[in-house]
Every structure is written in C-alpha cells, then in structure tokens.
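Here, residue 1 is the first one in the sequence, and each next residue gets the next number.
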Amino acid sequence: MHYLKVKGSYLEVGKQIGMAFRQEIKEYVDFRYCQMCNEMQELGYQFKREDYRAFSYELENYIRTYSIDEYQELVGIAQATSQNVWDIIFAIGYTDIFDLILGKKMNEGNFVEHEFNSECSTFVIEKSSQKMCGQNWDMDKISKENACVMQKEYSNGLKICALTTILGLVHMGMNAVGICAGTANLSSKNVSSKGIVFPIVLQNVLKARNRLDALHILNKYKFVSGHYYYIMYPNESSLLFETDATGYCEIKLCEDVFVHTNHYVNAKMKEYSISYSINSIERKKAMEIYLQKIMICRINKLNKSWQIMRREYAGILRINTILRLQLQ
C-alpha cells in the first residue's frame, strides 16, 4: 500500500498528489475507462470514452460551484499529471458515474435490471463507552495496487488521515478531532448529474467538528446517486444516513451493533433501489452474528476482570481490617 503526506492549500495538495503519483494516475485513469467499457459491454451497452467524459463534464459544473475546495484539489491533480479535470472526476466518481449511465438507460427505456456483485460491508459499534467502526472495500486488483494511506494537512487547519487511492480524496478517514467516516455502495433509480460524488461527500463531512456541523454541511449539497455513510463521533451518537439524488435519510441507531452492506434500509429510498449485490442480506446477517459474539466475549472478559478486581480489593480490605485490629 502506498503512503503519502501532503500539506498546503487545496490546489497545492492536489499538485503534490499528482507529482507523487504522476505516471500511476495516468495509468489508473486509463484503466478506469477500460473497466467501464468492459462492464457496460457485459450489460449490452456500447459507449466511447467521450461518452463517459460527457457525464464527468456535467458533474464538474456542480462540483466547481458547490465544492470549490475539493474542485481545486482535483484541478491540482489534473495539472500535475497533464490530465483533464474531467478524467480525474471520472476516476474518483466511478461508481456514481456507473449509476448515471444506468439512469440514462432507464430514461431511454433500454434498462434491464441486474444484480451486481458488490461486496462492501460496514459496521458501527456503540456500547456504553466502547466505540468502533470499520469497513471493507470491494476493490478490483488494479485499485488494490493503487490503494494509499494519505496524511493531508490543509492551510485552513483541516487535518485528515485518509484511506483512499492514489487520487487522494477520502474513501474512509479520520480528522484531527477523532471523527471517523466511511461509506458503502448502494444503487438507486434516483440519480442526477447535479450533485457531488461520494469521496467529496466524505471529505466534506470530515470538515465538521461535531454532529450538528455535519448536518449543516449535508444540507448544502445534492448527491449523484445511492450510498450509505457512517460518521462516528468521540462524544456524540453516530450519524448514519443513506442517499440518492433526492437527498439523504438518517438511520437511527437502535442497537449496539449496526451493520450495513449493499441494500437500502430506509423504506422510502428502497422503493427506487436497484439490486446491487447478490449476497448483501446474507452478509449483513452473518456480520451481525459475528460482531455480537465478539461483543459478548469482550463483555464477559470485562465482567470477569471486574469480579477478580472486586475479590482482590475485598481481600485487601480484610487484611487491612485484621492488621488494624492487631495493632489495637
């Protein structure tokens, strides 16, 4: 896995990322275009590279207007790698653009619903003072080779440790105040090119210093397509929500362990969902059982340790009492 530390304005950070991975980014962008062509051909759709760029061009207009910081970072990457910013947007927003293409086919009446083999799984654990979150990425071989841990420090004071690709924007990350965020793919018939792609959503919510700030940020934007996001706070309850082009819906955390895979939980958004994973429900159930077992084991260990400490403390008290009596 790659590692990079960058510092400066958003434009400077983008240029540093581009210079560090100049050749790798060019190859990765080319791979993403070929990958999309192959996936679309399997579904019976024929597109050229310029057709995909048209989707990125529409997204660029919205991102440039409503997420200027991240747009500057993308411009820096594009300048340093001699790429067009549309190409960088295409590569970072691959899954969103995939959904936009399916949406186009639906509008044309040429869409046949499929089940896609996506296997992103996330979990959030909140039990008393214990908090934990995590996820896996369903990455192809080339994306795995281009995975990167990136420490980002911006001139406005924002500090992020990001798990991402060589393109830099957050896939999962933590900011300096201990707020963590991550995501899983969903697919919806409600899509729009007037929105921000998922890594930009994640990077923006990590600008917030608390739950209320994050909600204010989310209300500023529109979303391209379906995703699930989790944000965990050190001293507040987690913020969990699902998106499509109509907005976001918050999920209330009602249990100690919450697992989200690749299907909608919100009933309203579920009506417009596209089956995104063959085994999503089975994975969710299996993870819940596994994590509950881990939590029970930990609690039992803690209880056992507490009982030992109580016995030892009681023994010390008895010894102290005996000593006092003897001294008297």
Side-chain angles (χ1 to χ4, degrees), residues 28-67 70-71 74 78 83-118 120 138 140 143 167 169 171 183-202 221-229 242-249 262-264 266 268-278 280:
Y28 189 49
V29 169
D30 287 339
F31 162 74
R32 279 305 212 184
Y33 277 117
C34 290
Q35 184 184 27
M36 185 70 83
C37 280
N38 291 336
E39 291 196 24
M40 287 298 151
Q41 283 176 2
E42 288 178 10
L43 297 174
Y45 308 141
Q46 300 295 325
F47 285 92
K48 297 178 182 178
R49 184 165 177 150
E50 289 306 312
D51 297 324
Y52 299 130
R53 271 188 162 187
F55 290 101
S56 299
Y57 177 74
E58 290 184 65
L59 289 172
E60 181 196 3
N61 290 330
Y62 188 89
I63 294 167
R64 182 177 57 223
T65 304
Y66 293 97
S67 189
E70 285 66 39
Y71 182 74
L74 297 174
Q83 301 277 302
N84 194 300
V85 71
W86 306 338
D87 297 321
I88 307 301
I89 291 171
F90 175 84
I92 69 160
Y94 183 90
T95 56
D96 288 287
I97 291 173
F98 187 96
D99 290 345
L100 283 175
I101 295 169
L102 296 186
K104 176 181 170 68
K105 288 299 175 184
M106 276 182 252
N107 292 334
E108 294 172 351
N110 296 326
F111 176 72
V112 178
E113 192 158 331
H114 294 76
E115 282 191 327
F116 301 98
N117 190 24
S118 183
C120 302
D138 178 20
D140 54 80
S143 295
L167 292 167
L169 273 76
H171 285 210
T183 186
N185 282 340
L186 296 171
S187 192
S188 174
K189 295 170 185 174
N190 285 330
V191 294
S192 172
S193 57
K194 293 179 173 62
I196 55 175
V197 295
F198 79 90
I200 295 180
V201 177
L202 287 169
Y221 303 114
K222 293 182 179 178
F223 308 94
V224 175
S225 66
H227 280 86
Y228 159 74
Y229 298 91
E242 295 172 329
T243 68
D244 63 19
T246 64
Y248 71 92
C249 286
N262 298 112
H263 59 276
Y264 277 98
N266 179 270
K268 185 179 178 181
M269 288 188 166
K270 193 183 294 185
E271 292 178 22
Y272 302 96
S273 67
I274 300 171
S275 298
Y276 213 103
S277 178
I278 297 167
S280 182

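The two residues Leu167 and Ala91 come nearest to each other via the heavy atoms CD1-CB, 3.4 Å. Contact record, Lys194 with Lys222: O-CB, 3.4 Å, taken as the closest heavy-atom pair. Residues Lys268 and Asn266 come closest through the heavy atom pair N-OD1, 3.0 Å. Among all heavy-atom pairs drawn from Val224 and Ala245, the shortest one is O-CB, 4.0 Å. Nearest heavy-atom pair, His171 versus Leu202, reported as atom, atom and distance to 0.1 Å: O-CD1, 3.1 Å. Among all heavy-atom pairs drawn from Gly195 and Ile63, the shortest one is O-CG1, 4.2 Å.
Using cut-offs of 30° and 60° for the angle between ring planes, the Phe223 and Tyr248 rings count as perpendicular.
Separation of atoms NE2 (His227) and OG (Ser187) is listed at 9.5 Å; rounding is to 0.5 Å. Within the model, atoms CG of Asp96 and CD1 of Ile196 stand 9.5 Å from one another, a figure rounded to the nearest 0.5 Å. Atoms CG and OH, from Leu186 and Tyr229 in turn, are 9.0 Å apart once rounded to the nearest 0.5 Å. Note that the CG atom of Asn38 and the CG atom of Leu43 stand 11.0 Å from one another [nearest 0.5 Å]. Rounding to the nearest 0.5 angstrom, the gap separating the CH2 atom in Trp86 from the OG atom in Ser56 is 9.0 Å. Rounding to the nearest 0.5 Å places OH of Tyr264 at 6.0 Å from CE of Met269.
Each of Leu74, Ile97, Leu59 was compared with Ile92 under the side chain to side chain contact (heavy atoms under 4.5 Å, CB included) criterion, and only Leu74 meets it. The ring pair (Phe, Tyr, Trp, His ring centres under 6.0 Å) test with Phe47 singles out one residue from Phe98, Tyr33, Tyr52, and that residue is Tyr52. Each of Thr65, Ile200, Val85 was compared with Tyr71 under the side chain to side chain contact (heavy atoms under 4.5 Å, CB included) criterion, and only Val85 meets it.
Residue Phe31 qualifies as enclosed at atom CZ: its count of foreign heavy atoms under 6.0 Å is above 12. Within a 6.0 Å sphere centred on OH of Tyr221, other residues, nucleotides and ligands contribute more than 12 heavy atoms.
Aromatic ring centres of Phe55 and Phe90: separated by at least 6.0 Å.
Counting heavy atoms from C-beta outward, Arg53 and Asn84 have side chains that approach closer than 4.5 Å. No side-chain heavy atom of Val201 sits less than 4.5 Å from a side-chain heavy atom of Pro199. Between Met40 and Gln46 there is no side-chain heavy-atom pair separated by less than 4.5 Å.
Judged by distance alone, the side chains of Ser143 and Tyr28 do bring a donor and an acceptor atom under 3.5 Å apart. Using modelled atom types and a 3.5 Å distance limit, the side chains of Ser280 and Asn262 yield no donor-acceptor pair.
In this structure, Lys105 is positioned above the aromatic face of Tyr45, its NZ or CZ under 6.0 Å from the six-membered ring centre and within 45° of the axis.
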Exercise for the section: Carefully, step by step, assess Arg49 and Asp30 under the rule salt bridge (charged side-chain N to carboxylate O under 4.0 Å, His left out). Expected result: CA-CA 10 Å; Arg49 184 165 177 150; Asp30 287 339; 3.2 Å; yes
